[in-house]
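The structure appears below as C-alpha cells.
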2 protein chains.
Amino acid sequence: MTTPAQGLHTHVLDTLGLEIAAGECAPGLVLRTDELAQRFDVSRTVVREVIRVLESMHLVESRRRVGVTVRPTEEWNVYDPQVIRWRLAGADRPRQLRSLTVLRSAIEPVAAGLAARNATAEQCAALTECALGMVATSRGQQLEGYLRHDIAFHRVVLDASGNEMFARLGDVVAEVLAGRTHHQVMFEDPDPAAVTLHVRLAEAVREGDAEGAERLTKEIAVGALHELDVLAP
Amino acid sequence: MTTPAQGLHTHVLDTLGLEIAAGECAPGLVLRTDELAQRFDVSRTVVREVIRVLESMHLVESRRRVGVTVRPTEEWNVYDPQVIRWRLAGADRPRQLRSLTVLRSAIEPVAAGLAARNATAEQCAALTECALGMVATSRGQQLEGYLRHDIAFHRVVLDASGNEMFARLGDVVAEVLAGRTHHQVMFEDPDPAAVTLHVRLAEAVREGDAEGAERLTKEIAVGALHELDVLAP
DNA sequence: AACCCATTACATACGACTTATTCAAGAGGC
DNA sequence: GCCTCTTGAATAAGTCGTATGTAATGGGTT
C-alpha cells in the first residue's frame with residue numbers, strides 16, 4: 001500500500017472511505033479521533049478534517065463524548081462520485097453495479113429523448129464519431145479503446161440533454177462502464193447488437209427523432225441489465 | 001443574521017455554501033483562508049475544515065500558493081442534498097426546480113414500476129394511507145398537510161422500488177415538493193386530477209400492475225412539468 | 001427514582017514550522 | 001536584441017502540537 005503522497009489528508013480520507021464503503025466498519029462502530037491519528041501517524045487536525053468530509057457524505061456521524069460512529073448504508077450520499085468509486089472498489093461491487101445500471105436505465109432513455117431535441121451540430125458530430133470509434137474497436141480484443149468511445153458516447157448524450165442533473169451523471173456512467181469492463185470476463189468482444197444500437201441511436205439523435213432515441217436507449221439498457229444477470233448472479 | 005450557534009463550523013459552512021451556490025461568488029474567484037477567518041471571526045482551523053467539505057462537494061478547489069478558487073457550476077456535486085438545499089434557497093430556484101422535476105420524471109416512473117413488483121404489504125398500506133391523506137387535505141387551503149402526505153407518498157414509492165439509488169432520492173423529491181409548495185402561488189388547492197392519479201397509483205402498486213404504475217407516475221410527472229411551465233416562465 | 005458531578009472525547013483555537021507553487025529576475029543561447 | 005531556461009525568493013496553503021472550552025454520558029449520592 002504505497003501512499004500516493006498526494007497529501008496526507010487525501011490518503012487518510014481514501015483509506016477510511018474505502019473501509020467504510022466496503023462495509024468493513026459495521027454501522028454503529030465508533031472510531032476515536034486520536035486512535036485514527038495514531039493509526040495513520042498524522043495529527044488530529046488532519047483526522048478531524050477527514051472526519052468532517054466523511055460526515056458531509058453522511059458516512060459517519062460525529063458526536064461529543066461518544067466518538068465518530070459509522071452510519072448505516074441507507075443514509076449515505078450514494079450519489080457522491082467519491083462514494084461510488086469507493087463502493088465499486090469494495091466487496092459488494094456486483095450489487096452496486098446493478099443498482100447503478102437500473103438507475104441508468106431510468107435516466108438515459110429520457111436524456112436521449114431530450115438530446116434528440118436539443119443536441120447541437122457539434123454534439124451530433126461527436127456522437128457519430130464515438131459510434132464509429134465503437135464500431136472500429138468492436139472486434140479483436142480492443143476492449144480498452146471500445147470502453148473509451150463508449151464512455152464518451154454516453155457522456156455526450158447526457159450533456160446534450162441540456163439538463164444539468166443528467167449531465168452530471170456522466171461520471172457515474174463512466175464508472176459503471178469501466179467497472180463492468182474491468183471486472184467481468186474480458187475475453188469476449190462487446191455484443192455486436194449493442195454496437196448497432198449505438199450507431200442507430202446516434203442517427204436518431206441527429207435526425208431529431210426523440211421517440212426513437214428513447215426506445216433505442218431503452219434497448220441498450222435492457223441489454224446491459226441482461227448482461228449483468230448472465231455474468232453476475 | 002443570527003448565528004444558530006449550532007457549531008461554528010456549521011454556520012460558516014452554510015453561509016459560504018449558500019453564497020457560492022447562489023452564484024454570488026463568480027467561478028474563478030479566489031478566497032483566502034486568512035480573509036475568511038477574519039470575516040467570520042473564527043480560527044483558520046475552522047475555515048480549513050469548511051473548505052475541505054466544500055472541496056469534497058466540488059464547489060471549490062484549494063491549491064497552494066493561489067488560494068481557494070470557486071469552481072464552475074458544471075463541476076459541482078449537484079446531487080448532494082446540501083448543495084440542492086443551498087441552490088433552492090438561492091436566486092436560480094426556478095431553473096433548479098425545473099431540472100429536478102425533469103429528473104423526477106425520469107426516475108419515478110421506473111421506480112413505481114419496480115415498486116409494483118416489490119412493495120411489501122406494509123408499504124402498500126402506507127401508500128394507501130398517504131393517498132387518503134392527500135384526498136382529505138386536497139380542499140380548503142390545507143396545503144401544508146397535503147404537502148406532508150405527498151412527500152410521504154413519493155418517499156414510500158421510491159423506497160419500495162428496492163433500489164437504493166432511487167430510495168436516496170426521497171430527500172430530493174421532498175425538497176422539490178416543498179420548494180414548489182412554499183414558493184409558488186399558494187392560493188389554490190392542489191390539482192384534483194393529480195390527487196386522483198395518486199390514488200390510482202396506490203391501487204396499481206397494490207395490485208402489482210407495474211405498467212399501470214409506470215404510466216400513472218408519468219402522468220403525474222407530466223402534470224408537474226406542465227404546472228411549472230404555467231407558473232414559472 | 002431523581003438529581004448532581006466527574007469523566008471523557010469532540011470542538012475550537014493559536015502559533016510555529018513545512019512544503020509546494022508561482023512569479024520574476026538573471027544567465028545563457030539564438 | 002529577443003527568447004528561453006534556470007534559479008531563487010515570496011507566498012499561501014498544509015501540517016502539527018498543544019491548550020482550553022464544552023456537551024454528553026455514566027455513576028454515585030441523597
Side-chain angles (χ1 to χ4, degrees), chain A residues 1-17 19-20 25-72 75-76 82, chain B residues 1-17 19-20 25-72 75-76 82:
Chain A
M1 180 89 74
T2 55
T3 310
Q6 195 201 344
L8 291 182
H9 179 271
T10 308
H11 174 235
V12 177
L13 181 64
D14 259 17
T15 310
L16 272 184
E19 286 183 9
I20 295 175
C25 306
L29 180 73
V30 290
L31 308 167
R32 239 58 70 90
T33 48
D34 25 8
E35 280 180 19
L36 295 173
Q38 273 192 1
R39 175 181 159 195
F40 290 101
D41 193 35
V42 294
S43 74
R44 284 186 26 245
T45 312
V46 173
V47 173
R48 286 176 64 338
E49 288 172 12
V50 169
I51 295 299
R52 276 266 141 82
V53 172
L54 292 175
E55 208 175 7
S56 85
M57 295 169 173
H58 283 72
L59 260 56
V60 301
E61 189 181 5
S62 175
R63 285 172 54 203
R64 278 183 160 140
R65 172 65 175 110
V66 53
V68 179
T69 66
V70 179
R71 303 180 81 155
E75 299 178 10
W76 297 352
Q82 181 82 86
Chain B
M1 183 80 75
T2 56
T3 311
Q6 196 203 345
L8 291 181
H9 180 272
T10 308
H11 174 234
V12 177
L13 181 63
D14 259 19
T15 309
L16 271 183
E19 285 182 11
I20 296 174
C25 308
L29 180 73
V30 291
L31 308 167
R32 240 58 70 88
T33 49
D34 305 335
E35 284 178 18
L36 294 173
Q38 274 193 1
R39 173 181 158 194
F40 291 102
D41 193 34
V42 295
S43 72
R44 257 191 16 157
T45 313
V46 174
V47 172
R48 288 184 76 289
E49 289 172 12
V50 170
I51 295 299
R52 278 267 141 83
V53 172
L54 291 175
E55 207 174 10
S56 85
M57 295 168 174
H58 282 71
L59 259 55
V60 302
E61 188 179 6
S62 173
R63 286 171 56 203
R64 276 182 164 147
R65 178 68 174 89
V66 53
V68 179
T69 66
V70 179
R71 303 179 78 154
E75 299 178 11
W76 297 351
Q82 182 81 84

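Order of the sequence lines sets the chain letters (A, B, ...), proteins ahead of strands, with each chain counted from 1. Computed over heavy atoms, backbone and side chain alike; hydrogens, waters and symmetry mates excluded.
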First locate atom CG of B:Leu36, then atom CZ of B:Arg32, and finally report the distance between them rounded to the nearest 0.5 Å.
10.0 Å
Ranking A:Arg63 and A:Val46 by the position along DNA chain D of their nearest nucleotide, the one closer to 5' is A:Val46
Could you list the donor-acceptor pairs under 3.5 angstrom formed between side-chain atoms of residues 44-58 of chain B and any protein atom two or more places apart in sequence or on another chain?
residue	atom	partner	partner atom	Å
B:Arg48	NH1	A:Glu49	OE1	3.2
B:Arg48	NH1	A:Glu49	OE2	2.0
B:Glu49	OE1	A:Arg52	NH1	2.4
B:Glu49	OE2	A:Arg48	NH1	2.8
B:Glu49	OE2	A:Arg48	NH2	3.4
B:Arg52	NH1	A:Glu49	OE1	2.4
B:Glu55	OE2	B:Ser62	N	3.3
B:Ser56	OG	A:Ser56	OG	3.4
B:Ser56	OG	B:Val53	O	2.8

Quick one: is D:dA13 close enough that its OP1 or OP2 comes under 4.0 Å of any side-chain N or O from B:Thr33?
yes
For nucleotides 14-19 of chain C, give me every protein contact, N/O to N/O, under 3.5 Å, one pair per line with atom names.
residue	atom	partner	partner atom	Å
C:dC14	N4	B:Thr45	OG1	3.2

Mind calculating the distance between CG (A:Asp34) and P (C:dT7) to the nearest angstrom?
18 Å
Bend of the helix from C:dA1-D:dT30 to C:dC30-D:dG1 from end-axis comparison, five pairs per end, nearest 10°, comes to 10°
Of all residues at least two apart in sequence or in a different chain, which pass the side chain to side chain donor-acceptor pair (under 3.5 Å) check with B:Arg39?
B:Glu19
What is the distance from CD of B:Gln38 to P of C:dA13, rounded to the nearest Å?
14 Å
For A:Glu75, what residues pass the side chain to side chain donor-acceptor pair (under 3.5 Å) criterion, not counting sequence neighbours?
A:Arg71
Is A:Asp34 atom CG crowded by more than 12 heavy atoms from other residues, nucleotides or ligands, each under 6.0 Å away?
yes
From CD1 of A:Ile51 across to C1' of C:dA11 the rounded distance in Å is 13 Å
Closest approach to the side chain of A:His9, judged atom by atom: which nucleotide of D:dT25, C:dT22, D:dT15 is it?
D:dT15
A:Arg48 side chain, from C-beta outward: closest of C:dT22, C:dT12, D:dT15
C:dT12
Sequence neighbours left out, what passes side-chain contact (heavy atoms from CB on, under 4.5 Å) with B:Arg63? Give chain and number order.
B:Glu61, B:Val66
Please evaluate residues A:Phe40 and A:Leu8 with respect to the criterion side chain to side chain contact (heavy atoms under 4.5 Å, CB included), reporting the C-alpha separation (whole Å), side-chain torsions for both, the decisive distance (0.1 Å), and the verdict.
CA-CA 9 Å; A:Phe40 290 101; A:Leu8 291 182; over 6 Å; no
For atom CG of A:Asp41 and atom P of D:dT15, their distance in whole Å:
13 Å
Could you please spell out the steps behind the side chain to side chain contact (heavy atoms under 4.5 Å, CB included) verdict for A:Val30 and A:Val68?
CA-CA 5 Å; A:Val30 290; A:Val68 179; over 6 Å; no
Give a yes/no answer on whether the side chain of A:Arg52 brings an N or O atom under 4.0 Å of OP1 or OP2 in C:dA11.
yes
Nearest-Å distance for atom pair CD/C1', residues B:Glu35 and D:dT11
13 Å
Rounded to the nearest 0.5 Å, what's the gap from CD1 on A:Ile20 to CG on A:Leu29? Could you check?
8.5 Å
Report which part of the nucleic acid B:Arg32 touches: base, sugar-phosphate, or nothing (heavy-atom distance under 4.0 Å, all strands).
sugar-phosphate
